[in-house]
Every structure is written in C-alpha cells, then in structure tokens.
Amino acid sequence: MAIEACHEGLALGQSPFGCAIAMGDQILARTHNTVVLATDITAHAEVNAIRAACQEADDIFLTGAMVATTCEPCPMCMAALHWARVETVYYGSSIADAAEAGFNELQLPAAELLRLGGSTVKLVGNVLSEPCRELFVRWNSNPSRQTY
C-alpha cells in the first residue's frame with residue numbers, strides 16, 4: 001500500500017515516498033509525500049500518514065500500530081513515529097538510497113536514533129527494498145523533479 005501511495009504521489013509530481021499505517025485489520029492511513037504540493041518541508045509521507053491515522057483513530061497515540069514506508073524514516077519522521085507510539089515500522093529503501101537519489105538526508109540511521117533515544121519502536125528494514133529503490137529511479141527520470 002505504501003508503494004501504491006508513492007506511485008500516486010509520483011503521478012502528481014511529488015517525491016518518491018509513500019507510507020501506510022494499520023492497526024489490527026484496519027488501514028488508518030495510506031499517503032504519499034506532499035512537500036512540494038503543500039509547500040511544507042514537513043509534509044513527508046510518514047508525517048502525513050500519522051496525521052491522517054490519528055484523525056481516523058480519533059487519538060493522538062497510535063499504540064500498537066504497524067507502519068509500512070517506502071524509505072527508512074528520516075530523523076523527523078522517526079521521532080514523530082516514536083511520539084505517536086507506533087509498535088513497528090517496516091521500510092524498504094535506506095537513507096543512503098535517498099541521499100544517492102539527491103535528497104539532503106541527515107546521515108543518522110533510524111535504528112541509531114531509536115537506540116540513542118531509548119525508544120521501544122521496533123524497526124524492520126529491507127522490506128520490498130528493490131521495488132522501493134525503483135521508485136527513486138522512476139522519480140529521477142522526471143526532468144522537473146525537485147529535491148530537498
């Protein structure tokens with residue numbers, strides 16, 4: 001679902017990031033990055049998904065939620081996922097993949113941020129990593145792309 005959301009965002013000229021959040025059998029959110037569309041540098045796919053999921057759950061906490069995201073969360077997104085109290089985050093491509101595609105990534109792995117912060121969020125990487133890396137290839141083929 002996160003990959004599908006990313007494809008929708010790419011079709012709108014947005015950058016190659018998608019996220020989905022589920023709690024139990026219920027999908028609470030399925031979103032993509034809208035940084036350029038919203039003129040909001042914080043409108044990452046994970047932040048958009050957290051906002052939508054909290055509205056759907058009618059709660060600021062997403063305790064027990066499962067998150068699937070196309071790329072390893074940046075420090076801002078990982079902190080927000082921690083504060084939302086999600087249980088597990090699954091991701092495909094890495095921060096290094098995003099940096100290689102031209103994004104101005106902080107070279108702080110999500111696992112290291114969780115470790116330093118003492119978070120209990122579980123992090124599982126390299127889930128569907130090849131299709132997630134392909135999203136960067138597709139995005140890089142767009143001559144009007146905008147990195148940040």
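Fair warning: this is a prediction, and the values are worked out from it, not measured in the lab.
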What are the two closest non-hydrogen atoms of [X] and [Y], and how far apart are they?
X	Y	answer
Ile27	Met1	CD1-SD, 3.6 Å
Trp139	Ala101	CZ3-O, 3.7 Å
Cys132	Ser93	CB-N, 3.6 Å
Ala11	Arg138	N-NH2, 4.2 Å
Ile21	Ile50	CD1-N, 3.8 Å
Ala49	Cys19	CB-SG, 3.7 Å

Side-chain donor-acceptor contact under 3.5 Å, [X] with [Y]:
X	Y	result
Asn104	Thr147	no
Ser94	Asp97	yes
Ser15	Tyr148	yes

How many angstroms lie between [atom1] in [X] and [atom2] in [Y], if you round to the nearest 0.5 Å?
X	Y	atom1	atom2	answer
Glu87	Met23	CD	CE	10.0 Å
Gln14	Thr31	CD	OG1	11.5 Å
Glu56	Leu62	CD	CG	11.0 Å
Ile60	Cys54	CD1	SG	7.5 Å
Cys77	His44	SG	NE2	5.5 Å
Glu134	His7	CD	NE2	9.0 Å

**Study point:** Residues that, via side-chain heavy atoms closer than 4.5 angstrom, fall in one hydrophobic cluster with Met76
**Key:**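 Val47, which link up through side-chain heavy atoms under 4.5 Å apart, make up the rest of the cluster.
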
Practice item. Among residues two or more places apart or on two chains, list those pairs meeting side chain to side chain donor-acceptor pair (under 3.5 Å) that have a residue in residues 57-76. Key: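 Only Glu46-Thr69 qualify under side chain to side chain donor-acceptor pair (under 3.5 Å).
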
Review point. Any side-chain heavy-atom pair from Trp83 and Phe61 closer than 4.5 angstrom?
Key: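 A side-chain contact under 4.5 Å is absent here.
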
Review point. With the 4.5 Å side-chain cut-off for hydrophobic clustering, are Ile3 and Val124 part of the same group?
Key: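 Yes, because Ile3 and Val124 connect within a single hydrophobic cluster, where side-chain heavy atoms sit under 4.5 Å apart.
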
Practice item. Look at the side-chain heavy atoms of Ile, Leu, Val, Met, Phe, Trp and Tyr, link any pair under 4.5 Å apart, and say whether Leu114 and Ile95 land in one connected group. Key: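 Result: no, two separate clusters.
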
Point to revise | Donor-acceptor contact present, side-chain Asn48 to main-chain Ala43, <3.5 Å | key: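 Checked: pair present.
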
Check your understanding: Hey, does the side chain of Glu105 reach the backbone of Ala96 with a donor-acceptor pair shorter than 3.5 angstrom?
Key ->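 No, because the side chain of Glu105 does not come within donor-acceptor range (under 3.5 Å) of the backbone of Ala96.
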
**Study point:** Stepwise side chain to side chain contact (heavy atoms under 4.5 Å, CB included) test for Val86 and Val121
**Key:** CA-CA 7 Å; Val86 304; Val121 174; 4.1 Å; yes

Review point. Passes side chain to side chain contact (heavy atoms under 4.5 Å, CB included), Tyr90 versus Val67? Steps please.
Key: CA-CA 6 Å; Tyr90 298 90; Val67 177; over 6 Å; no

Exercise for review: Kindly check if the number of other-residue, nucleotide or ligand heavy atoms within 6.0 Å of CZ (Arg85) is above 12?
Suggested key: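 No - once you tally the heavy atoms of other residues, nucleotides and ligands closer than 6.0 Å, there are 12 at most.
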
Review point. With sequence neighbours left out, what residues match Glu100 under salt bridge (charged side-chain N to carboxylate O under 4.0 Å, His left out)?
Key: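 In terms of salt bridge (charged side-chain N to carboxylate O under 4.0 Å, His left out), with neighbours along the sequence ignored, Glu100 is linked to no residue.
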
Exercise for review: Apply salt bridge (charged side-chain N to carboxylate O under 4.0 Å, His left out) to Arg115 and list each qualifying residue two or more places apart in sequence or on a separate chain.
Suggested key: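 Here the qualifying residues are Glu112.
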
Point to revise | Intermediate values then yes/no, side chain to side chain contact (heavy atoms under 4.5 Å, CB included), Thr39 and Val36 | key: CA-CA 5 Å; Thr39 317; Val36 175; over 6 Å; no

Practice item. Check the pair Val35 / Asp40 against side chain to side chain contact (heavy atoms under 4.5 Å, CB included), numbers first and verdict last. Key: CA-CA 5 Å; Val35 167; Asp40 178 356; over 6 Å; no

Check your understanding: What residues, two or more places apart in sequence or in another chain, satisfy side chain to side chain donor-acceptor pair (under 3.5 Å) together with Ser144?
Key ->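 Applying side chain to side chain donor-acceptor pair (under 3.5 Å) to Ser144 gives Asn142.
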
**Study point:** Proximity of Tyr91 and Phe17 rings by center, below 6.0 Å
**Key:**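 No, they do not, as the ring centres are separated by 6.0 Å or more.
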
Practice item. Not counting sequence neighbours, which residues clear side chain to side chain contact (heavy atoms under 4.5 Å, CB included) with Leu113? List them please. Key: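 Checked Leu113 against side chain to side chain contact (heavy atoms under 4.5 Å, CB included); matches are Pro75, Met78, Leu108.
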
